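Chain naming here is simple, since letters A, B, ... match the order of the sequence lines and numbering starts at 1 in each. Note that this is a predicted model, so its numbers are computed, not measured.
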Amino acid sequence: MTDPAATARDRGSKERLVTLRPTAPIVPPVNVSGRALMVVIAIMSFLCAVTLGAVTMVQEKAEAWQGDVSREITIQIKPEEGLDMDQALIAVRDIVLGSPGAVAARIVDRASTARLLEPWLGEGFDMDELPVPRLVIVTIDENNPPDFGAMRQALAEAVPAAALDDHRAWADRLISMARITVLIGVGILSLMLATTMLTVIFATRGAMAGNRHIVEVLHFVGAETGFIASQFQRRFLLIGLKGAGVGGGVAAVVFLLLAAWQNHTMATALNDQATALFGRFSLSSAGYFGIVAIIALIAAMTTLTTRLTVIRTIREIDRQRADPSLAEIG
Amino acid sequence: MLGEQPLPARWPDGQLNLTLTMPGECEAGEQTARRMMHIRPRDRNRSLIHFENVGLRYGMGPEVLRDLTFDIPKRSFQFLTGPSGAGKTTLMRLLFMSLKPTRGLIRMFDRDISMIPGEELPLLRRRIGIVFQDFRLLDHMTTYENVALPLRVRGKEEASYRSDVIELLKWVGLGERINVLPPVLSGGEKQRVAIARALIDQPEILLADEPTGNVDPPMAQRLLNLFIELNRLGTAVIIATHDLTLMDRVNARRMILSEGRLDIYD
Ligand SMILES: Nc1ncnc2c1ncn2[C@@H]1O[C@H](COP(=O)(O)OP(=O)(O)OP(=O)(O)O)[C@@H](O)[C@H]1O
Ligand SMILES: [Mg+2]
């Protein structure tokens with residue numbers, strides 16, 4: 001032909017002219033089903049995170065109530081003919097403080113009592129004109145509670161008008177109710193998590209189904225299972241993290257905003273209503289930690305499902321090998 | 001036109017930088033080629049693949065292949081032919097170990113393939129290049145990336161194979177289509193990409209199922225020359241085809257399948 005050196009030069013220059021695009025990843029970039037998976041993951045993790053936050057709040061509230069209730073008892077003194085209320089209050093307090101297990105006793109003073117009654121009696125009523133009962137609030141040592149029977153006995157002897165209320169009856173009911181509420185919450189959260197896991201698993205498998213031919217080609221050009229799995233895992237871990245991060249993050253932001261709103265609008269009617277209904281919205285650090293855990297769990301689940309799906313796909317291809325009737329025609 | 005351009009033989013190990021010429025022009029490369037393939041002369045006649053009374057049926061259907069007994073020697077070149085539906089693709093699948101025979105014994109690379117555990121299959125398949133009848137290219141990868149895929153999954157550095165892949169693509173006439181995605185390629189172009197992908201790692205066995213089904217006669221001749229050149233470098237080549245004119249161009253072994261039986265004409 002022609003001068004070989006010239007041909008070589010020519011070829012060399014041609015080769016330099018070839019510009020390649022940056023090498024595409026082995027697993028194609030996120031497609032429609034990948035995006036759908038991401039949305040599913042985001043929604044499910046949002047719902048999970050909200051459920052978890054709510055359950056954490058209820059549970060913390062119940063614990064707080066339980067603590068308050070079992071830490072306090074009240075002694076009520078009914079006004080009677082000829083009873084010196086102030087003296088009776090002091091007598092009661094002294095008796096209570098004298099018995100073991102009582103840590104502190106506080107007389108609810110006139111001003112506070114008036115404030116307590118305000119919703120019923122209105123502002124500016126004269127307490128002296130009405131037979132208003134008075135209270136002594138006693139803080140007890142939870143671990144070493146006083147002998148309520150003996151305390152009642154002593155009170156009956158000294159101040160017959162005093163009645164000890166250890167809140168047991170309704171405290172027990174309240175506590176069991178709180179427990180049931182928490183139990184229901186945990187139940188809902190478990191169902192929610194189970195649904196999320198199933199949804200994530202099926203959505204991941206759905207998204208992977210479109211990649212079967214890629215797994216097959218990789219398998220046939222000599223890629224090992226671990227290699228193929230790691231390629232897909234990388235892509236799906238990212239999808240899982242993004243989806244769960246967005247869902248969980250939005251939930252966390254919602255809690256933060258609610259808490260901020262509550263702090264900001266403290267003492268407005270709407271706020272009072274909300275607080276009365278739901279308590280404080282502030283999510284404890286345990287709640288936020290739980291949300292992070294949910295994000296990690298969902299991302300890990302997505303990745304694991306991807307790995308198992310790749311392994312199963314390859315096993316199926318190899319099963320066709322053993323049972324030719326399963327082989328596709330081609 | 002044909003045979004004018006020499007086949008570049010700088011295979012991925014990068015050690016050999018020898019330009020082999022087309023068949024019939026020069027035999028000088030053979031010594032070097034044999035050295036490169038680490039094939040000692042006494043290995044030459046040992047068989048790479050051995051079938052013994054192999055039968056295969058799909059499910060409950062009739063036996064598609066019956067009592068096949070043959071050898072594929074190292075560095076051999078053969079055509080596999082027979083009417084449509086005779087079982088050529090099926091036999092190719094057996095050779096690629098993507099099907100297990102219903103009965104009989106298959107030895108490949110001196111191993112009984114029924115004893116090979118699943119995890120080892122990919123490693124053995126790395127020694128086999130295959131051109132599927134339906135190509136099986138990945139649509140999200142360019143021509144270049146598809147051809148480089150076998151090297152990539154073997155963990156090779158891109159820098160080490162880049163120029164080999166580009167040269168091979170130029171040689172199969174795809175120099176202008178290097179950055180193109182398969183969906184916009186013509187059937188014949190896809191076929192050449194599939195062939196280049198099968199050749200790129202210079203396998204010990206090349207299985208090509210209708211590799212010239214979609215190209216014009218000059219290109220078919222050119223691809224045939226490529227297979228011959230590869231064979232000269234030490235690869236055993238098996239080409240399934242119905243193309244009689246193609247077979248008439250080379251004096252090679254013919255394996256003819258009909259009604260499930262195989263006749264061999266050396
Ligand atoms: N997966 C399968 N299940 C059942 N039967 C199959 C399957 N694949 C192929 N067959 C049958 O096996 C026979 C051989 O098919 P095969 O594809 O091997 O033929 P072929 O020689 O490659 O034909 P062609 O020249 O048209 O490509 C045919 O009768 C076909 O119908
Ligand atoms: Mg076929």
_Please check if the number of heavy atoms outside B:E259 that lie under 6.0 Å from its CD is greater than 12._
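No - once you tally the heavy atoms of other residues, nucleotides and ligands closer than 6.0 Å, there are 12 at most.
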*For A:T181, check side-chain hydrogen bond (donor to acceptor under 3.5 Å, both in side chains) against everything at least two apart and list the hits.*
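Residues passing side-chain hydrogen bond (donor to acceptor under 3.5 Å, both in side chains) with A:T181: none at all.
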*Can you tell me how far CG of B:L94 sits from CG of B:L207, rounded to the nearest 0.5 angstrom?*
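Those atoms lie 11.0 Å apart.
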*asked:* Does either side chain, that of B:T89 or that of B:D209, offer a donor lying less than 3.5 Å from an acceptor on the other one?
replied: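 Short answer, yes.
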_Toward chain B, the part of A:I26 with a non-hydrogen atom under 4.5 Å_ =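 Both parts, backbone and side chain.
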*asked:* Taking side chain to side chain contact (heavy atoms under 4.5 Å, CB included) as the definition, give me every residue that meets it alongside A:L297, ordered by chain and number, with sequence neighbours left out.
replied: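 For A:L297 the side chain to side chain contact (heavy atoms under 4.5 Å, CB included) partners, ignoring immediate neighbours, are A:L193, A:M197.
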_Residues forming a side chain to side chain contact (heavy atoms under 4.5 Å, CB included) with A:I43, sequence neighbours excluded_ =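 In terms of side chain to side chain contact (heavy atoms under 4.5 Å, CB included), with neighbours along the sequence ignored, A:I43 is linked to A:V39, A:L47.
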*Under 4.5 Å from a heavy atom of chain A, the part of B:L181 involved*: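 Contact with chain A: side chain only.
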*Test the B:R127-B:F109 pair against the cation-pi criterion, namely NZ or CZ under 6.0 angstrom from the six-membered ring centroid and within 45° of the ring axis.*
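Flagged: B:R127 positioned over aromatic ring of B:F109.
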*Residues of residues 224-241 of chain A near chain B, each having a heavy atom less than 4.5 Å away*: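 Counting heavy atoms that sit under 4.5 Å from chain B, the residues of residues 224-241 of chain A involved are A:E224, A:F227.
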*If you count heavy-atom pairs under 4.5 Å between each of A:V221, A:I214, A:L218 and chain B, which one has the most?*
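Most heavy-atom pairs under 4.5 Å with chain B: A:V221.
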